[in-house]
**Q** 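I'd like to ask some things about the structure below.
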Amino acid sequence: QVNLVESGGGSVQAGESLRLSCAASGSTTSIYSMAWFRQAPGKEREGIASFYPTNGARVYADSVKGRFIIFQDNTKTSLYLQMNSLKPEDSAMYYCAARLTPTQGLGALDSRAYDNWGQGTQVTVSS
């Protein structure tokens, strides 16, 4: 199991930037992939970015491609989401997730593939 704790959320104006952090502990050396998800009130949870520690591969949702960057620190115990050019529609609770094994048939941005979740951090973008 992996314990995940997100931080860095807050309230910003449209066009500004935020960096979210996710601190991982536990079986971090066994992590197959990590991802950021978000969920706005009344909407489904959306996978927005994933990262594979073994090769550094990244996958982005179209909604954030070109604006958000997912990366990991050298210790491989923290995952980050750099969010630039924020829009009001980016407002949501943001969650960090990790999986220890690949899940056949489920993509990198499918929430069903992940069984380790943080508690979330709120991001609010005003126009």
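None of these values were measured; they are calculated from a predicted model.
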**Q** Taking salt bridge (charged side-chain N to carboxylate O under 4.0 Å, His left out) as the cut-off, I'd like each qualifying pair that reaches into residues 39-57, sequence neighbours left out, listed once.
**A**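 For residues 39-57, and leaving out neighbouring residues, the salt bridge (charged side-chain N to carboxylate O under 4.0 Å, His left out) pairs sorted by first residue read R38-E46.
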**Q** Residues two or more places apart in sequence or in another chain: which of them pass ring pair (Phe, Tyr, Trp, His ring centres under 6.0 Å) with Y114?
**A** F37
**Q** Excluding sequence neighbours, so at least two apart, what forms salt bridge (charged side-chain N to carboxylate O under 4.0 Å, His left out) with K65?
**A**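 K65 satisfies salt bridge (charged side-chain N to carboxylate O under 4.0 Å, His left out) with D62 only.
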**Q** What residue pairs, at least two apart or across chains, pass ring pair (Phe, Tyr, Trp, His ring centres under 6.0 Å) with a residue in residues 16-36?
**A**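 Qualifying pairs, neighbours excluded: Y32-Y52.
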**Q** Hey, could you give me each pair passing disulfide bond (SG atoms under 2.5 Å apart) that has a residue in residues 51-93? Not counting sequence neighbours.
**A**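 Every candidate disulfide bond (SG atoms under 2.5 Å apart) pair involving residues 51-93 fails, so no pair, neighbours aside, qualifies.
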**Q** Restricting to side chain to side chain contact (heavy atoms under 4.5 Å, CB included), what partner residues turn up for N3, sequence neighbours left out?
**A** S25
**Q** For Y80, enumerate each residue passing the ring pair (Phe, Tyr, Trp, His ring centres under 6.0 Å) test, keeping only those at least two apart in sequence or located in another chain.
**A**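 Testing Y80 for ring pair (Phe, Tyr, Trp, His ring centres under 6.0 Å), a comparison that skips the adjacent residues, returns F71.
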**Q** Under the salt bridge (charged side-chain N to carboxylate O under 4.0 Å, His left out) rule, what pairs show up with a residue in residues 100-113, not counting sequence neighbours?
**A** D110-R112
**Q** What residues, two or more places apart in sequence or in another chain, satisfy side chain to side chain contact (heavy atoms under 4.5 Å, CB included) together with Q1?
**A**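 Partners of Q1 under the side chain to side chain contact (heavy atoms under 4.5 Å, CB included) test: N116.
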**Q** Which residues satisfy the side chain to side chain contact (heavy atoms under 4.5 Å, CB included) test with T77, sequence neighbours excluded?
**A**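 So T77 forms a side chain to side chain contact (heavy atoms under 4.5 Å, CB included) with T28, D73, T75.
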**Q** List the residues meeting ring pair (Phe, Tyr, Trp, His ring centres under 6.0 Å) with F51, not counting sequence neighbours, and say none if there are none.
**A** none
**Q** Identify, with sequence neighbours excluded, every residue that meets side chain to side chain donor-acceptor pair (under 3.5 Å) alongside R67.
**A** D90
